[in-house]
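Contents: one structure, followed by commentary.
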Amino acid sequence: MNDQQTEDAPQGVSEYRAQRMLNMEKLREAGYAPFGGAFHTTGRLSEIRAAFEEDAGVRAAGRLVTIRKMGKSIFADLHDGTDRFQIFVQKNTLGEEAFAAFKLLDVGDLVGVAGELFVTRMGEQTIRIEEWTLLAKSLLPLPEKWHGLKDVDARYRQRYLDLISNEDVREVFLTRIRIIEEIRSFLKGRGFLEVETPMMQQQAGGAAARPFVTRYHALDTDMYLRIAPELYLKRLLVGGFDRVYELNRNFRNEGLDRTHNPEFTMLEIYQAYTDVSGMRELIECLITHVAQEVLGTLVIGEGEDALDLTPPWRSATYRELVCEEMGADWYDQSRETRLTAARERGLDLAEDSSEIGITHEVYEKLIERKLVQPTFVTRLPAELIPLARRSDDDERTVDVFELVIKGQEIAPAYTELNDPLEQRARLESQAGDDAQAVDEEFLTALEHGMPPAGGMGVGVDRLVMLLTGSEAIRDVILFPQLKPR
RNA sequence: GGAGGCGUAGCUCAGUUGGCAGAGCAGCGGACUCUUAAUCCGCGGGUCCAGGGUUCGAGCCCCUGCGCCUCUACCA
């Protein structure tokens with residue numbers, strides 16, 4: 001017994017724990033070792049249910065999540081990660097001693113059982129237990145069975161309790177897992193190779209964000225956790241891997257909120273010999289495929305707020321949307337007129353905001369968040385996106401789209417810039433004010449010739465939020481970042 | 001970083017105008033061999049987030065700190 005832990009625990013908890021320790025000792029004396037080893041089962045609970053046949057003998061293992069004692073018989077529910085299954089324990093079938101020992105079990109204990117299948121009078125499939133064994137004694141109480149665990153802090157810090165007691169939470173994460181499997185399967189079907197590129201980088205490039213810094217002692221140098229894999233994936237395009245993707249974590253040193261976690265999952269896709277329109281077809285197929293396979297529908301939610309993913313999705317240029325919102329003559333107005341108009345619409349803008357800055361604020365605050373149904377916003381101003389190719393017919397814009405769904409940017413895609421000279425100029429002009437250095441090795445790679453390509457980044461957590469109807473990113477990340485205790 | 005809200009039993013939550021700290025679930029004892037939020041009888045359980053202040057008296061009012069939530073800021 002670990003006295004230290006008992007003493008450190010709050011008074012109330014230790015009483016519950018002491019009671020369970022006592023039950024554990026009584027079980028030990030009755031010949032039930034409190035922490036058992038492997039237990040051979042005839043299948044997981046979902047499999048046992050699928051192959052249900054009255055009077056068939058089965059062996060199952062799981063956690064007791066409820067126990068209903070009725071004198072000389074007991075009903076309990078066993079939970080194993082695939083299903084919940086009722087078990088029935090009778091004094092007659094089990095014998096005096098094994099039945100008495102069973103009564104010492106607590107909610108939360110892990111047990112292995114063997115018995116025969118039957119259907120109760122109420123019609124529930126049940127295992128009548130003939131033998132049982134203790135697999136792990138639970139020393140701490142589970143959250144309340146009816147209301148579940150509500151305390152948000154505890155839900156994230158002790159996600160295992162959240163998963164045990166809140167079925168809908170389990171369901172969201174199972175859906176997330178299936179979504180990611182379907183993304184991989186879809187991309188494999190189109191000939192893409194999944195690759196892994198450095199998470200620790202000497203320069204954090206491919207996006208504009210503050211990186212996390214760490215120390216590499218062997219080289220006596222600072223390293224950065226990547227903010228994007230983009231520049232390495234493009235090196236692979238140069239190297240002849242002409243359809244690649246990476247589905248993994250990025251790290252950005254930013255605040256925490258409903259839609260931001262400092263480490264988040266990004267899908268970046270690059271395909272040679274296509275362009276932004278190829279990416280458009282790709283993402284529309286990818287998302288509708290995933291929704292259809294995982295959810296079985298393209299309509300999410302009900303009524304006015306329902307999200308309809310049925311293609312084709314709306315497409316509108318950035319300029320059209322801005323004019324629609326602020327008037328057709330917006331781009332003819334002076335900077336001062338635009339500033340005044342934007343402020344009248346409630347935007348908080350600095351006196352020296354640039355024309356592009358004002359317009360972009362209008363886009364982000366007044367337009368983007370109103371775009372509920374899937375919308376490709378195209379032809380963004382070149383200044384905003386240094387890694388994209390300029391439009392052939394207008395050098396002020398680049399060949400890109402941002403896919404916006406439910407007011408959130410889900411996937412930006414570009415026709416990638418493969419001119420090393422222009423790429424250098426645009427990175428240098430952007431690096432000016434920022435501490436971010438230009439990645440020379442990336443530029444060297446481009447000088448060897450990168451095929452024309454379309455590229456895209458998909459915020460996987462946000463996509464999962466959309467498809468699961470989750471309000472917050474931390475509801476789709478198993479262990480979201482929290483302030484240290 | 002700024003503004004607002006919240007913090008009470010293991011869990012979910014009440015707590016009136018400042019006047020003895022409450023319920024349900026869980027736990028313990030008892031009854032009960034088809035229950036499923038089992039039921040019935042009885043019992044125990046509190047650093048009211050922490051520290052300070054006002055008051056005869058603080059869970060409640062004031063101040064400071066901590067944690068969480070929402071909005072906001074930062075964020076290709």
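The figures here come from the full heavy-atom set of this structure, side chains too, leaving out hydrogens, waters and symmetry mates. The model shown is predicted, which means the values in this text are computed figures rather than measured ones. Chain letters run A, B, ... following the sequence lines, proteins first and then strands; every chain starts at 1.
- With both ends at atom P, the span from G4(B) to A9(B) equals 27 Å, rounded to whole Å.
- Contacts of Gly148(A) with the nucleic acid, taken as non-hydrogen atoms under 4.0 Å apart, involve only primed sugar atoms and P, OP1 or OP2.
- Ranking C34(B), U36(B), A26(B) by closeness to the Tyr16(A) side chain, first place goes to A26(B).
- The gap from the P atom of G22(B) to that of U16(B) amounts to 14 Å, rounded to the nearest Å.
- As rounded to whole Å, 14 Å separates atom P of G10(B) from atom CD of Gln158(A).
- In this structure, His147(A) atom NE2 and A37(B) atom C1' are separated by 10 Å, rounded to whole Å.
- Counting any heavy atom pair closer than 4.0 Å across all strands shown, Glu402(A) reaches no nucleic acid atom.
- Relative to the side chain of Gln86(A), the nucleotides U35(B), G67(B), C34(B) differ in distance, and U35(B) lies closest.
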Quiz item: Under the side chain to side chain donor-acceptor pair (under 3.5 Å) criterion, do Arg335(A) and Ser354(A) qualify, and how do the steps go?
Solution: CA-CA 7 Å; Arg335(A) 190 191 73 88; Ser354(A) 66; over 6 Å; no

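- Residue Leu149(A) is in sugar-phosphate contact alone, with no base atom involved, counting any heavy-atom pair closer than 4.0 Å across all strands shown.
- Nearest-nucleotide positions on RNA chain B place Asp151(A) closer to the 5' end than the other of Asp151(A) and Gln19(A).
- Counting to the nearest Å, the C1' atom of A76(B) and the CZ atom of Arg379(A) are 19 Å from each other.
- Taking the ring centre of Phe88(A) as origin, the terminal cationic atom of Arg128(A) falls outside the region bounded by 6.0 Å and 45° from the ring axis.
- Applying a 4.0 Å cut-off to non-hydrogen atoms, the residues of residues 67-84 of chain A that approach RNA chain B are Arg68(A), Lys69(A), Met70(A), Gly71(A), Lys72(A), Ser73(A), Phe75(A), listed by residue number.
- Of the N and O atoms on the side chains of Ser138(A) and Arg20(A), at least one donor lies less than 3.5 Å from an acceptor on the other residue.
- Residue contacts for Phe85(A): at a heavy-atom cut-off of 4.0 Å it reaches no nucleic acid atom on any strand shown.
- Within the 4.0 angstrom heavy-atom criterion, only backbone atoms of the sugar-phosphate kind lie near Asn23(A); the bases stay farther away.
- Around the CD atom of Glu364(A), the shell of radius 6.0 Å holds more than 12 heavy atoms that belong to other residues, nucleotides or ligands.
- Using C1' as the reference atom, C40(B) and G57(B) are 42 Å apart when rounded to the nearest Å.
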Practice problem: Report, as a single string ordered 5' to 3', how protein heavy atoms within less than 4.0 Å touch nucleotides 69-74 of chain B: B base, S sugar-phosphate only, - not at all. | Solution: SSS-SB

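- Side chains of Thr265(A) and Asn248(A) form no contact here, defined as non-hydrogen atoms less than 4.5 Å apart.
- Classification of the Phe401(A)-Phe376(A) ring pair by plane angle, with boundaries at 30° and 60°, yields perpendicular.
- Remark: Arg235(A) is positioned above the aromatic ring of Tyr232(A), its terminal NZ or CZ atom under 6.0 angstrom from the ring centre and at most 45 degrees off the axis.
- With A76(B), U35(B), G67(B) as the choices, the nucleotide that has an atom nearest any side-chain atom of Glu409(A) turns out to be A76(B).
- Atom CG of Asp106(A) and atom P of G10(B) are 17 Å apart (whole Å).
- Between the C1' atom of C75(B) and the CZ atom of Arg462(A) lies a distance of 9 Å, rounded to the nearest Å.
- Contact annotation: the side chain of Gln481(A) never approaches that of His260(A) to less than 4.5 Å [non-hydrogen atoms, C-beta and beyond].
- Rounded to a whole Å, the CD atom of Glu116(A) is 19 Å from the P atom of C34(B).
- Between the CG atom of Asp153(A) and the C1' atom of C66(B) there is a distance of 12 Å, given to the nearest Å.
- Between the side chain of Thr66(A) and the base of U36(B), no donor-acceptor pair of N or O atoms lies under 3.5 Å.
- Judged by closest nucleotide on RNA chain B, Pro143(A) is the one of Arg121(A) and Pro143(A) placed further toward the 5' end.
- For the pair Arg226(A) and Phe251(A), the cation-pi criterion (under 6.0 Å, within 45° of the ring axis) is not fulfilled.
- In this model, a donor atom of one side chain and an acceptor atom of the other lie less than 3.5 Å apart for Tyr156(A) and Asp475(A).
- Other residues, nucleotides and ligands contribute more than 12 heavy atoms inside 6.0 Å of the CD atom of Glu440(A).
- For the C1' atom pair drawn from U55(B) and U12(B), the interatomic distance equals 34 Å after rounding to whole Å.
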